[in-house]
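Reviewing the structure listed below.
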Amino acid sequence: MNVLDSELVVAALRRQGWEMAATTAEADAVFYNTCSVRQHAEDKIYSALGRIRSEKEKRPALVVGVLGCMAQKDQALIRARAPWVDLVVGPGQLHRVPGLVDLVLGGGGPQMEVSLDRKAGSRDAVAQSFESYDPDRDPAMRPTPFQAFIRTQTGCDKFCAFCVVPRVRGPEQARPPEAMVAEAKKLVAEGCREITLIGQTVNSYRWADGGKTTRLADLLVMLDAIDGLDRIKFVTNYPRDMTPDLIAAVRDLPKVCHYLHVPAQHGSDDVLTRMKRGYTIGEYMEMLSRVREELPHAAVTSDFIVGFCGETDAEFEATLDLVRSAGFKNSFIFKYSPRPGTKAFERQADDVPEAVKKERNNILLEAQAEVSLAGNRRFIGSRQQVLVEGLSTRDEKRAVNPGPDGVAQLTGRTMCDRIVVFDAPLRLVGRLVDVDIESAGAWSLAGTVAAGVADALPLEALRYSDEAAPPPPTLHSIKLPT
Ligand code: SF4
């Protein structure tokens, strides 16, 4: 969600003549797009604000902005802790950033724009204060030119006890399906081949208009019909909304990836109740068995929180059992971090010691790694269609620069979201290729581009760049037009 928000803010600033700066020292404005999901993410921003302070003292005209969820959550506290910040803008007000920057540069002083608190008015009034401006796209800001996110809805109404999202991103608001189809067509015309639909609970998507209701399954049908689009993914799913029509759409639509991220969060019913997740493990497993029945090769992934308020050894064991038995492709595992403004923060003690959280985190990671390795080994000997995304992490670190026809170690993903590494010419980036899988680790597969494809490719020797790689552009450092 934040990657997409950054893309949209940069797109809006570029239209005003701003350009990305390669380093903070060259920048005329620096923005931090922030996350509030865990304390650690917030601590990192306050540290970064501490580091930018000396630059701001040297160059008082430098505009420093804090954007996103932390801006919405902390509001005036940010300037109280870091008075050199010029802009505080919540996720529902990001469309205002260019105008607010102008105000700061024009001598208007510090600016703050945030949405209404969830309890500050009616649902409609609060919803209206969280505005979206999704059609502003900027291809240069995407993870790759051929992959893009499209937002299906903003906000969330689930109110899980540990989660700050409903507060900082506001009420759930769906976008009209026609707007997303038009956006997808525009993206495809710009060379995009894979679209990932994003929403906090993307499968809760529902748009009612003129007596007709469009749900996520209907939206997938509309997107699947777009010529030139190869792949459609959607994240993140809420277990109770994994309906039979959605599973059938994934099964039947050829462009929809067999990859479902459905966070379970915990393996114990008592903890799920304390978390206010709204389902039992029995219901989660029933959903999973329906998925396995209709989509036997689908990759299902999950999120887990360890060390939630009052979590006993036995309750943690229940999560461990779930991970060992559910066959998740992988899980994102987090130590519980109490968030002010949530029900858990207000009403439940954060009583699991940090050392215990850490130990449980490591145990669960190890268990998931074993499950992931076993799952990946099943692919050895198979041929997988891979969308080539770019250099592998190894060659990116080595600053390999073989030129478009030179061979490097590339990485891509299968239809079920498994990472595959293989040697191939760089010009294959952005294309779909078949790869014969030869080995597997817990987090990736490795293979060789299939014979028919490989024969047509010049197999040049790897060539490494003589020069050190240029520094990547600082994502949110912006240069004023000259
Ligand atoms: S469904 Fe997801 S985003 Fe919504 S409150 Fe729960 S954890 Fe947070």
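For ligands, and for the atoms within them, numbers begin at 1 and follow the listed sequence. The chain is numbered in sequence order, starting from 1.
- Using a 3.5 Å distance cut-off with no hydrogens or angles, the side chains of T243 and D245 do pair a donor with an acceptor.
- Nearest protein heavy-atom contact of atom 8 (Fe) of ligand 1 is C163 SG, 2.3 Å.
- Of all the heavy atoms of F162, the ones lying under 4.0 Å from any atom of ligand 1 belong exclusively to the side chain.
- In terms of protein heavy-atom proximity, atom 2 (Fe) of ligand 1 is nearest to R277 NH1, 4.2 Å.
- A salt bridge does not link R206 to D241: none of the charged nitrogens lies less than 4.0 Å from a carboxylate oxygen.
- Close contacts between ligand 1 and T201 involve ligand atoms 1 (S) [criterion: under 4.0 Å to a heavy atom].
- Inspection of the R240 and Y238 side chains reveals no N or O donor paired with an N or O acceptor under 3.5 Å.
- Close approach of ligand 1 to V165 is summarised as follows: ligand atoms under 4.0 Å from at least one heavy atom of the residue are 3 (S).
- The protein heavy atom nearest to atom 4 (Fe) of ligand 1 is C156 SG, 2.3 Å.
- Under 4.0 Å is where a charged nitrogen must lie from a carboxylate oxygen, and between E194 and R413 no such pair does.
- Taking 4.5 Å as the limit, some side-chain heavy atom of N2 sits within range of a side-chain heavy atom of D5.
- When each atom of ligand 1 is checked for a heavy atom of F159 under 4.0 Å away, the hits are 5 (S).
- Between D102 and Q16 the shortest side-chain heavy-atom distance falls below 4.5 Å.
- Close approach of ligand 1 to K158 is summarised as follows: ligand atoms under 4.0 Å from at least one heavy atom of the residue are 1 (S), 4 (Fe).
- Between M275 and I305 the shortest side-chain heavy-atom distance falls below 4.5 Å.
- In terms of protein heavy-atom proximity, atom 6 (Fe) of ligand 1 is closest to C160 SG, 2.3 Å.
- The proximity of P166 to ligand 1, defined as any non-hydrogen pair under 4.0 Å, is limited to the side chain.
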